[in-house]
Amino acid sequence: MKSILALTRYGSLGASSRVRFALYEEPLRQAGYSLTLSPFFDDEYLRNLYAGRPRSTATVAAAFRRRLAALRGARNFDLLWIEKELFPFAPGFVERLARRPYVVDFDDAIFHNYDQSSIPAVRALLANKLDALLKRASAVTAGNRYLADYAAAHGARDMLILPTVVDTGVYRPHPAGAAPPQDLLLGWIGSPATRHLLQNIVPVLNEAARQVPLRLVTVGTAPLDDATFPVIAEDWSPEREVELLAQIDAGIMPLTDSPFERGKCGYKLIQYMALGKPVIASDVGVNGEIVTPEVGHLARNDAEWIAAIKAVAADRDKSRAMGIAARARAETHYSLNANAPRLIELFDRVTARQSPR
C-alpha cells in the first residue's frame, strides 16, 4: 500500500481534522492507501481552548516538538497531507521542513490571521508565510473557490476544490414522528470559537420570535445571551450530533460578511441538508453556492432573516419538500461517496509523478 502521513491541526475533537482527513480513512484504504494521523495540537489543548482557559506555553512547545518528530519520521511515507500549514505563527521558512511530496488542504482562510492581523509585526513578518508551502506543494485541495483563488495566486499549481462532506450513510433523515408542535424548532451546530456568529443574530431571532413561535437548539456552545425565546443548549459529542440535529425543523448558519468568513466551507449547512432539513443561511461566501432556492433561504440582512424564518414556519409542507431536495443535493454534491473518488484520483496523480524513494 502507498502510505500517507496526515499532518493535521487537531485530533478527533477538531471538526476540520475529523471531517477533512479522518473521514477519508476507509475509502483511502480501499483504494490502496494507508493513512496515519499526526495532529499538531492534542485534544486536551482544544478542550482548554473551548473552555476559555489560557494557552499553556508548555503545551504549545510540546505541539512544536511533536510536529518536528513527525517530520523526522516522514521519510517512511510516500506522501504528506498537510492541514493548512506545518507550524502556526512560525516564519515561512519553517514551512520548508516538509521533505517528502505533499498535498496541502485549506478549509478556512487562516492566511487572514497573518495578512489581516491587527498586530503590525504579524502582518509585516507573516503576511506571505504560506507562499513557500504553496509553491512547493504537489497539489492543494481547497474547500471553496475563495480559498482556491488565494492558493493559486500564491503559487499553488495543481488545484482541487473539495467541499467539506458528510458520510450520508451516517447522516440519514430520521422517520417522521408525530405531528410537529406549533412552534418552529431551529438548530445550530458549532463550537465556542464560532459562537459569536450566532450571538450576533440574537436580536434578529428575538424579533422573529415575536412574530412566529420558535425555539432554538444549539449544539456545541454555551447558552446564548439576551435571548427572549427558549434555547436548548446541548453539549457536542460525535455520538449525539446526528440525533440532536435530526429533531430540528430547519438549520441556520449566520455569518458576518468579512474576509475570514468568506473562506468558510458551509459544513453545518451540509450536515443539516444531509439530514433532510431546509436551511437558512447568510448569503456570504460558499453559502451562496450550497443553498439553492429548492433547499432553503439565503439572507443578506435582518429583514431577510426574519422573512426566511417566517416562510419556513408558515408552510411546513413546502419546508419538508425543501428538506427532501436538500438531502438529494447533499448526496450528489457534498457526500463522502461523491467526493472520495475525486480525492483518490488526485492522490493517484500526485504519487504517479513522484520518483521512487
Quiz item: For the side chain of R329 and the backbone of I290, is there at least one donor-acceptor N/O pair under 3.5 Å apart?
Solution: yes

Quiz item: Do the non-hydrogen side-chain atoms of T141 and L343 ever get within less than 4.5 Å of each other?
Solution: yes

Practice problem: Would you mind reporting whether L23 and V166 have side-chain heavy atoms less than 4.5 Å apart? | Solution: no

Exercise. State, yes or no, whether a side-chain contact exists between L185 and L214 at a heavy-atom distance under 4.5 Å.
Key: no

Practice problem: Spell out, yes or no, whether M273 and I324 are grouped together once hydrophobic residues are joined by side-chain heavy atoms under 4.5 Å, including indirect joins. | Solution: no

Quiz item: What do you reckon, is CZ of R349 surrounded by more than 12 foreign heavy atoms closer than 6.0 Å?
Solution: yes

Practice problem: Using a strict cut-off of less than 4.0 Å between a Lys/Arg side-chain nitrogen and an Asp/Glu carboxylate oxygen, indicate whether D78 and K2 qualify as a salt bridge. | Solution: no

Practice problem: With sequence neighbours left out, write down each residue that passes side chain to side chain contact (heavy atoms under 4.5 Å, CB included) with D235, or none if nothing qualifies. | Solution: none

Practice problem: Output yes when a side-chain donor or acceptor of K268 lies under 3.5 Å from a complementary backbone atom of I189, and no otherwise. | Solution: yes

Quiz item: Are any side-chain N or O atoms of D131 and backbone N or O atoms of G155, one a donor and one an acceptor, separated by less than 3.5 Å?
Solution: no

Self-check item: Side-chain donor-acceptor contact under 3.5 Å, R18 with Y10
Solution: no

Quiz item: Parallel, tilted or perpendicular: which fits the ring planes of F64 and F40, with parallel below 30° and perpendicular above 60°?
Solution: perpendicular

Practice problem: Give a yes-or-no answer on whether the side chains of D43 and S12 include a donor-acceptor pair shorter than 3.5 Å. | Solution: yes

Quiz item: Under a single-linkage definition using a 4.5 Å side-chain heavy-atom cutoff for Ile, Leu, Val, Met, Phe, Trp and Tyr, are V242 and V165 assigned to the same hydrophobic cluster?
Solution: no

Quiz item: Between R353 and S138, is any pair of side-chain heavy atoms under 4.5 Å apart?
Solution: yes

Quiz prompt | Qualifying residues under ring-ring contact (aromatic ring centres under 6.0 Å, His included), relative to Y24, sequence neighbours excluded | solution = none

Residues 80-93 side chain polar contacts: donor-acceptor under 3.5 Å, at least two apart:
| from | atom 1 | to | atom 2 | distance (Å) |
| --- | --- | --- | --- | --- |
| E83 | OE1 | R9 | N | 2.7 |
| E83 | OE1 | S17 | OG | 2.6 |
| E83 | OE2 | S16 | OG | 2.5 |
| K84 | NZ | S16 | OG | 3.4 |
| K84 | NZ | D107 | OD1 | 2.8 |
| E85 | OE1 | Y114 | OH | 2.8 |
| E85 | OE1 | K129 | NZ | 3.0 |
| E85 | OE2 | R9 | NH2 | 2.7 |
| E85 | OE2 | Y114 | OH | 3.1 |

Quiz prompt | Donor-acceptor pair, side chain of D167 and main chain of G169, under 3.5 angstrom | solution = yes

Quiz item: Looking at residues at least two apart in the chain, or sitting in another chain, which of them share a side chain to side chain contact (heavy atoms under 4.5 Å, CB included) with A311?
Solution: H297

Quiz prompt | Listed once per pair and sorted, the side-chain hydrogen bond (donor to acceptor under 3.5 Å, both in side chains) pairs that draw on residues 221-230, sequence neighbours left out | solution = N206-T228

Quiz item: Could you go step by step and tell me if E345 and R342 meet the salt bridge (Lys or Arg N to Asp or Glu O under 4.0 Å) rule?
Solution: CA-CA 5 Å; E345 180 183 8; R342 302 176 62 235; over 6 Å; no

Quiz prompt | Any donor-acceptor pair under 3.5 Å from Y102 side chain to L133 backbone | solution = yes

Quiz item: So with a 6.0 Å cut-off around CZ of R300, is the heavy-atom count from everything else above 12?
Solution: no

Quiz item: Would you say Q211 has more than 12 foreign heavy atoms packed within less than 6.0 Å of its CD?
Solution: yes

Self-check item: Flag if over 12 foreign heavy atoms under 6.0 Å of CZ, R172
Solution: no

Practice problem: Is it possible for you to say whether V170 and I248 belong to one hydrophobic cluster, with membership spreading through side-chain heavy-atom contacts below 4.5 Å? | Solution: yes

Quiz prompt | Backbone N/O of V204 and side chain of E207: donor-acceptor pair under 3.5 Å | solution = no

Quiz item: When you check the gap from the basic side-chain N to the acidic O, do E261 and K264 get nearer than 4.0 Å?
Solution: no

Quiz prompt | Under 3.5 Å donor-acceptor, T168 side chain and Y171 backbone | solution = no

Self-check item: Any donor-acceptor N/O pair, N287 side chain to D283 backbone, under 3.5 Å
Solution: no

Donor-acceptor contacts, no H, no angles, side chain residues 28-35, under 3.5 Å, sequence neighbours left out:
| from | atom 1 | to | atom 2 | distance (Å) |
| --- | --- | --- | --- | --- |
| R29 | NE | E26 | OE1 | 3.0 |
| R29 | NE | E26 | OE2 | 3.4 |
| R29 | NH2 | E26 | OE2 | 2.6 |
| Q30 | NE2 | E26 | OE2 | 2.9 |
| Y33 | OH | F347 | O | 3.3 |
| Y33 | OH | D348 | N | 3.1 |
| Y33 | OH | D348 | OD1 | 2.5 |
| Y33 | OH | T351 | OG1 | 3.4 |

Quiz item: If only atom types and distance count, is the side chain of R20 paired as donor or acceptor with the main-chain N or O of L162 below 3.5 Å?
Solution: yes

Quiz item: Would you say R215's side chain and P230's backbone share a donor-acceptor pair under 3.5 angstrom?
Solution: no

Exercise. Please name the pair of heavy atoms, one in A233 and one in A222, separated by the smallest distance, quoted to 0.1 Å.
Key: CB-C, 4.4 Å

Exercise. Mark yes when over 12 heavy atoms from residues, nucleotides or ligands other than R210 sit less than 6.0 Å from its CZ; otherwise mark no.
Key: yes

Quiz item: Checking salt bridge (Lys or Arg N to Asp or Glu O under 4.0 Å) for the pair D115/R123: CA distance, chi angles, key distance, verdict?
Solution: CA-CA 5 Å; D115 63 17; R123 292 197 307 274; over 6 Å; no

